[in-house]
Amino acid sequence: MAHADVNSAASHRAKHAVALHRLAHARAGDKGDRLNLALFAYEPKHYETLVEAVTEERVLALFAHRGASRVRRYLMPGLAGMNLVIDDVLQGGVNGALNLDGHGKTLSYLLLGMSVTTEDDSL
């Protein structure tokens, strides 16, 4: 009976919110007015949390204030990562944007500030 109690407790661990940067790191690149964000879990055990939390819909909402029109997500399970392609987010791109970051390099930090829920007590 004790064994069943341990399994029951493990399956009912409390979820808590953490910033995405606690679970993953990111790299940004650009092509015209399109931003590419590569996101990789620090530890493969957190990959499923990334897949559940970092959805196309959530990323589009996060970047809506910058005019993002579409997000496509490409999963890379063998690398415990994903590639996010965000259209119309660079406000014209490097040659057309009037902001200080036409390449969008700092936008990976916006993504990494996203709140995700996890059961991992070590975070």
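The basis for the numbers below is simple: all heavy atoms, side chains too, and nothing from hydrogens, waters or symmetry mates.
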Answer whether the closest heavy-atom distance between the side chains of [X] and [Y] falls below 4.5 Å.
X: L112; Y: L39; answer: yes
X: F63; Y: L37; answer: yes
X: L50; Y: L20; answer: yes
X: H65; Y: L110; answer: yes

- Message: Run the side chain to side chain contact (heavy atoms under 4.5 Å, CB included) test on L111 and L84 for me, step by step, so that the C-alpha distance in whole Å, both residues' side-chain angles and the decisive distance to 0.1 Å come before the verdict.
- Response: CA-CA 10 Å; L111 178 68; L84 299 158; 3.8 Å; yes

Only distances under 3.5 Å count here; give the side-chain donor-acceptor pairs of residues 68-83 to other protein atoms, sequence neighbours excluded, each with its distance to 0.1 Å.
{"from": "S69", "atom 1": "OG", "to": "D88", "atom 2": "OD2", "distance (Å)": "2.4"}
{"from": "R72", "atom 1": "NH2", "to": "D87", "atom 2": "OD1", "distance (Å)": "3.3"}
{"from": "R72", "atom 1": "NH2", "to": "D87", "atom 2": "OD2", "distance (Å)": "3.4"}
{"from": "R73", "atom 1": "NH1", "to": "V51", "atom 2": "O", "distance (Å)": "2.8"}
{"from": "R73", "atom 1": "NH1", "to": "V54", "atom 2": "O", "distance (Å)": "2.9"}
{"from": "N83", "atom 1": "OD1", "to": "N36", "atom 2": "ND2", "distance (Å)": "3.3"}
{"from": "N83", "atom 1": "ND2", "to": "N36", "atom 2": "OD1", "distance (Å)": "2.9"}

- Message: When you group the ILVMFWY residues by side-chain heavy-atom contacts below 4.5 Å and let the links chain together, are L62 and L60 in the same group?
- Response: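 Yes, L60 and L62 fall within the same hydrophobic cluster.
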
- Message: For L90 versus R66, what's the shortest heavy-atom pair and its separation?
- Response: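 Heavy atoms only, the tightest pair is CA-NH2, 4.2 Å.
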
- Task: Specify the closest pair of heavy atoms between A19 and G113, including all atoms of both residues, with the distance to one decimal.
- Result: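 Between these two residues, the closest heavy atoms are CB-O, 4.5 Å.
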
- Message: Could you measure the distance from the OG atom of S115 to the CZ atom of R22? Nearest 0.5 Å is fine.
- Response: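 Spacing of OG (S115) from CZ (R22) equals 11.5 Å.
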
- Message: Go through it in stages, so that I can follow the logic: the residues are H16 and T118, the test is side chain to side chain contact (heavy atoms under 4.5 Å, CB included), and I'd like the CA-CA distance, side-chain angles, deciding distance and then a yes or no.
- Response: CA-CA 6 Å; H16 60 280; T118 180; 3.9 Å; yes

- Can you pull the salt bridge (Lys or Arg N to Asp or Glu O under 4.0 Å) pairs that have at least one residue in residues 40-56, sequence neighbours excluded?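 Found E43-K45, K45-D120.
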
- Any residue meeting salt bridge (charged side-chain N to carboxylate O under 4.0 Å, His left out) with K15, in chain and number order, not counting sequence neighbours: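 Partners of K15 under the salt bridge (charged side-chain N to carboxylate O under 4.0 Å, His left out) test: none.
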
